Amino acid sequence: MQFDPLSRAYPSARTVVYARNGMVCTGQPLAAQAGLEALRRGGNAVDAAIATATALTVVEPTANGIGGDAFALVWKDGQLYGLNSSGPAPALLSISSLAHQDPPSIDPLSWEAVTVPGIPAAWAALSSRFGALPYGDLFSDAIRYASDGFPVSPVCAHYWARACDRYSSVLKRAEFAEWFKVFTGGGSGSPGTNSPKAGSIWRSPDHAATLAELALSGSESFYRGEIASRIDAFSRETGGFLRLGDLERFAPEWVEPLSMRYHGYDVWELPPNGQGMVALAALGMLSGDALADLLPSEAAHLQIEALKLAFADASAYITERSRMPWSPEALLSVPYLASRRTSIGHTASIPTAGTPERGGTVYLATADSSGMMVSYIQ
C-alpha cells in the first residue's frame, strides 16, 4: 500500500462491504465463518458473536483463550447494552502476599497475575439475555476445528513461534509443563521448540473436550462443576491463589456504557474497570481540532499525544469503579479534557496524569437483518 502525498490518504486502506442478511467481522476467516453459519441457521447477531468467539479460542490461541476476560456492547431495538465479564483477583491474593517483592509487584507470568476468567460466563450471559439459538449449538464449529484440526494462519504461526522462543527460556516452573505439552510438542511437559508452521494442521482434542463440556453445561462446569474443580486442584498443587469459591462467586456485570460526542458522532465504550475511557478521552481532547485540514504528520502528532495523555490518566486512575479517586464523568468532562488539550505542544512529551475536578486481545463485530449489532472483545 502506498501513501498518496497529494490526497493525504491511503486510497486502498478502506474496503466497503455490503450484505443483506447480516455480517461477521473478525481477524480470522474460520472464526468469521462460524459466526456466519450461526446466522444461516436462524441465529441473531449475539448468536453469531458467541459462535465466532468460541472459534477464536481455537484458531487464534496466540491472542485469546477460554481463560481470559470479555467485554461486549449490544445494540438492540434502539438501546445499547454493556457487558463487563472481567474477573476479580482471587480472594487469597493480597498486598501482604506480595510483600516478598521489593517494591510489591506482580510477575505477569506468575499465578499472582491470574484473575477469575470471565469468557465462558460472558458467552452464557449474552446467550441467555439475547440469543435465539440453543446455547450448545453455538460451539459446533469451534469443537470441530479443535478436534479435526484447522490450517494455522501465517500471522498466528508467527506469534506462536515467537511465544515458543520466549517461553522456552523463562517458563521453568512445574505449572507450565502442560503449556509446553500442548503448544510446543514438548511431550511429557519439557520445553519443546516445535511450533506449527503456517498452513500446517493443528488439532487440540483437550480443547475440544472442554468446549463440549461448556456447551453441554451452559458454561456452568467452568464455575461450579468438573472444570472448576480441576482448576482449583491445579492451583492448589502448583502454588496458585485461585480457588473454587472464587469461580463460584463470579458473575458478569451488565453496565451502562459511556459516550463521547466527536464531530457529529456518538462514540460508546464500556466504563471502568476496562480502559475504553482512553479512546473517549483522546477523542474529547481533539473534538475541536479539524484533523483533516492538517498535514498527516501534524494530525498524527496530535492523536499520539492525546492518546499518551489519556493513557497516563488511565494508568493513574482506572481500576474498579468503587475504588477510583475520580469518577469517569470527571475524567471525561469537557473542561478537564480541554485543559489536557492545552498541554499538547509541537514536540513529543512524556505524559503525566492530570487532576480532574472532583464531581493483548481479539475483536469481532456482528450484525443481523433486524439491526441488532454486537461489538465484542476477549
Side-chain angles (χ1 to χ4, degrees), residues 22-41 43-76 81-87 116-147 150 153 155-156 204 207-223 227 250-254 270 274 276 360-368 372-378:
M23 189 174 293
V24 178
C25 302
T26 194
Q28 222 286 352
L30 291 174
Q33 290 176 32
L36 285 175
E37 183 57 31
L39 291 176
R40 293 190 186 102
R41 295 199 304 266
N44 58 27
V46 164
D47 296 316
I50 297 169
T52 304
T54 61
L56 281 168
T57 67
V58 179
V59 298
E60 283 202 322
T62 58
N64 76 131
I66 295 173
D69 294 319
F71 305 86
L73 289 168
V74 179
W75 176 261
K76 177 177 170 59
Y81 303 85
L83 181 70
N84 179 340
S85 196
S86 59
V116 178
I119 285 176
W123 297 341
L126 288 167
S127 177
S128 175
R129 185 164 187 176
F130 297 111
L133 295 176
Y135 185 67
D137 292 356
L138 306 176
F139 290 72
S140 56
D141 286 307
I143 293 171
R144 178 168 54 84
Y145 292 149
S147 60
F150 67 94
S153 70
V155 172
C156 187
S204 186
H207 196 144
T210 299
L211 289 171
E213 187 163 345
L214 294 176
L216 184 64
S217 69
S219 286
E220 278 293 295
S221 179
F222 196 94
Y223 299 94
I227 296 175
F250 177 71
E253 297 177 78
W254 291 100
L270 294 183
T361 1
V362 291
Y363 177 78
L364 65 93
T366 61
D368 62 29
M372 179 189 282
M373 293 180 283
V374 179
S375 176
Y376 180 95
I377 292 173
Q378 71 179 19

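Bear in mind that the values here come from a model prediction, so they are computed numbers and not experimental data. The basis for the numbers below is simple: all heavy atoms, side chains too, and nothing from hydrogens, waters or symmetry mates.
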Inset, instruction - For the residue pair Tyr363 and Ser375, confirm or rule out a side-chain donor-acceptor distance under 3.5 Å. - result: yes
Legend entry - Polar side chain donor-acceptor pair, Tyr376 to Thr366, under 3.5 angstrom: no
So, does [X] use its side chain to make a donor-acceptor pair with the main chain of [Y] at under 3.5 Å?
{"X": "Ser128", "Y": "Ala124", "answer": "no"}
{"X": "Asn64", "Y": "Gln378", "answer": "no"}
{"X": "Ser147", "Y": "Ile143", "answer": "yes"}

Any idea which heavy atoms bring [X] and [Y] closest together, and the distance?
{"X": "Ser140", "Y": "Asp137", "result": "OG-O, 3.3 Å"}
{"X": "Leu39", "Y": "Asn44", "result": "CD2-O, 3.6 Å"}
{"X": "Ser219", "Y": "Pro120", "result": "OG-O, 2.9 Å"}
{"X": "Trp123", "Y": "Ala53", "result": "NE1-CB, 3.5 Å"}
{"X": "Val362", "Y": "Ala63", "result": "CG1-CB, 3.6 Å"}
{"X": "Trp254", "Y": "Ala125", "result": "CZ2-O, 3.8 Å"}

Inset, instruction - Start with the C-alpha distance between Val24 and Leu364, add both sets of side-chain angles, then the distance that settles side chain to side chain contact (heavy atoms under 4.5 Å, CB included), and finish with yes or no. - result: CA-CA 7 Å; Val24 178; Leu364 65 93; 5.7 Å; no
Inset, instruction - Walk me through it: do Phe130 and Val374 pass the test side chain to side chain contact (heavy atoms under 4.5 Å, CB included)? - result: CA-CA 11 Å; Phe130 297 111; Val374 179; over 6 Å; no
What distance separates [X] [atom1] from [Y] [atom2], expressed to the nearest 0.5 Å?
{"X": "Leu211", "Y": "Arg144", "atom1": "CG", "atom2": "CZ", "result": "13.0 Å"}
{"X": "Leu126", "Y": "Asp47", "atom1": "CG", "atom2": "CG", "result": "10.0 Å"}
{"X": "Glu213", "Y": "Glu220", "atom1": "CD", "atom2": "CD", "result": "11.5 Å"}
{"X": "Met373", "Y": "Met23", "atom1": "CE", "atom2": "CE", "result": "11.5 Å"}
{"X": "Thr361", "Y": "Asp69", "atom1": "OG1", "atom2": "CG", "result": "10.5 Å"}

Inset, instruction - Evaluate side chain to side chain contact (heavy atoms under 4.5 Å, CB included) for Ile227 paired with Leu214, printing each intermediate quantity in order. - result: CA-CA 9 Å; Ile227 296 175; Leu214 294 176; 4.0 Å; yes
Would you be so kind as to tabulate the donor-acceptor pairs closer than 3.5 Å made by side chains of residues 54-61, with sequence neighbours excluded?
| unit_1 | atom_1 | unit_2 | atom_2 | d |
| --- | --- | --- | --- | --- |
| Thr54 | OG1 | Ile50 | O | 3.3 |
| Thr54 | OG1 | Ala51 | O | 2.9 |
| Thr54 | OG1 | Leu138 | O | 3.4 |
| Thr57 | OG1 | Thr54 | O | 2.7 |
| Thr57 | OG1 | His207 | NE2 | 3.2 |

Inset, instruction - Kindly indicate, with the supporting measurements, whether the criterion side chain to side chain contact (heavy atoms under 4.5 Å, CB included) is fulfilled by Val46 and Val74. - result: CA-CA 8 Å; Val46 164; Val74 179; 4.1 Å; yes
Legend entry - All ring pair (Phe, Tyr, Trp, His ring centres under 6.0 Å) counterparts of Tyr223, not counting sequence neighbours: Phe250
Inset, instruction - List in chain and number order the residues that pass ring pair (Phe, Tyr, Trp, His ring centres under 6.0 Å) with Phe71, two or more places apart in sequence or in another chain; answer none if no residue qualifies. - result: none
